[in-house]
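One structure is given here, and the rest of the page talks about it.
All values below come from the heavy atoms of this structure, side chains included, with hydrogens, waters and symmetry mates left out. In this text, all values refer to a predicted model and were calculated from it rather than measured experimentally.
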Amino acid sequence: MTAARPVYDTIGQAYTTHRRPDPRWAALIRQSLGPARRVVNVGAGTGSYEPEPPVQVVAVEPSPVMIGQRAREAAPVIGASGTALPLLEGSFDAALAVLTLHHWGNWRAGLLELARVAPRRVVLTIDFEVHAHFWLLSDYLPEVAAVERALRPSPADIAEVIGVSEIIDLPLPTDFADGVLGAFWNRPEAYLDPIVRRNTSPLALADQATVNVAMTRLESDLADGTWHRRHGDLLELESCDLGYRLLICG
C-alpha cells in the first residue's frame, strides 16, 4: 500500500467534510461483517464505515494526513502498509477494506494479508469497466476513463486471489452522501466545484489542465441544455449503478 500514502497526503486535506459515510452503505457493511467482534480496517483513512462498539476495531492507515483527521473517539490506528500488516495470523474475526485496493502498490500481497489475519474479509471496491462508462468520464474525461479501465483489482481479480462468496451491487441513490466520484451522477453542477474534485482521487490525480478544460465544457453544456438533452433521463431515476461492489470473502 505504499502508493496510498503520497496520494492521500496530497488529496485528503478535507476528507471528513466531503467524504461523509452514507448510512445505507454503512448498514450494509456492518451486516456483511456478520458476528465479528474484532475487525481490522485496512486502508482505513479517516474512519468512514468502521463499525461502532461493541465491535472492537483496529485501523491500519499509512497517511499521516488521513490519520490526523480521524475523530478523537475513533478506533486506534496503526501507521502501516496493508501489504505487510504488523498483526498476528488470525488475530481478527474480519478484515475490512473500503475503496482502497486500487491504491495499493501490490494489491495481491495486500489481499493475502487480509486473508492471513482474518477468516472473513469484506471489501468495498469498484468494477472499473462499468465505472468508465459514467457520463462524466465517457463524455468529458475519456483520459480518466482510460485510466479507470486499466485499474486493478477487478472483482474477478479479487475472487481469484482470496475467493468471493457474495457480491452485492451498490447502485448510488439520488441523495448519496459520500462524495465518491460517481456520487453526483444526477447533480452534475457539483463537479464544477474544485473542492469536490479535489476529494475524489481520479479527478484529483488527473492532469489538472485537462480536467479544467473538461469542466469548462460541462459548465457550457449545463448552461445551454446540452447535458440535459443527453442525460436528462437520469433525473427520473432513483439510483444509478456505476460499478461500486461489496465483496464478501470467507
- request: Could you pull out all residues at least two apart from H231 that satisfy ring pair (Phe, Tyr, Trp, His ring centres under 6.0 Å)?
  value: W135, W227
task: Inspect the surroundings of CZ in R108 and state if more than 12 heavy atoms from other residues, nucleotides or ligands are less than 6.0 Å away.
output: no
field: Check: S154 side chain, D157 main-chain N or O, donor-acceptor pair, under 3.5 Å
entry: yes
- prompt: For I67, what residues pass the side-chain contact (heavy atoms from CB on, under 4.5 Å) criterion, not counting sequence neighbours?
  reply: E61, V77
task: Determine, for R20 against D178, whether the closest basic-nitrogen to carboxylate-oxygen distance falls under 4.0 angstrom.
output: no
field: Atom pair CG/CG of L181 and N199 - distance to nearest 0.5 Å
entry: 12.5 Å
Between CZ on residue F184 and CG on residue N186, distance to nearest 0.5 Å: 10.0 Å
task: Identify the heavy atoms of N106 and T83 that sit nearest to each other, and give their distance.
output: O-CG2, 3.4 Å
Report, one line per pair, each donor and acceptor closer than 3.5 Å where one atom sits in a side chain of residues 86-97; sequence neighbours left out.
unit_1: S91; atom_1: OG; unit_2: L88; atom_2: O; d: 2.7
unit_1: D93; atom_1: OD2; unit_2: R37; atom_2: N; d: 2.9
unit_1: D93; atom_1: OD2; unit_2: R38; atom_2: N; d: 2.9

field: Step-by-step side-chain hydrogen bond (donor to acceptor under 3.5 Å, both in side chains) determination, T226 to R229
entry: CA-CA 5 Å; T226 298; R229 286 192 294 274; 3.1 Å; yes
- prompt: Are R70 and E50 within salt-bridge range, i.e. N to O under 4.0 Å?
  reply: yes
- prompt: If you look at every heavy atom in P188 and L218, which pair is closest and at what distance?
  reply: O-CD2, 3.8 Å
Aromatic centroids of F176 and W25 separated by under 6.0 Å: yes
message: Given 3.5 Å as the limit, does a donor-acceptor pair link the side chain of W107 with the main chain of H102, or not?
response: no
query: Does the pair D221 and Y140 meet the rule for a side-chain hydrogen bond (donor to acceptor under 3.5 Å, both in side chains), with working shown?
result: CA-CA 10 Å; D221 287 351; Y140 297 95; 2.7 Å; yes
task: Calculate, to the nearest 0.5 Å, the distance between atoms CG and CG belonging to L170 and D127 respectively.
output: 12.0 Å
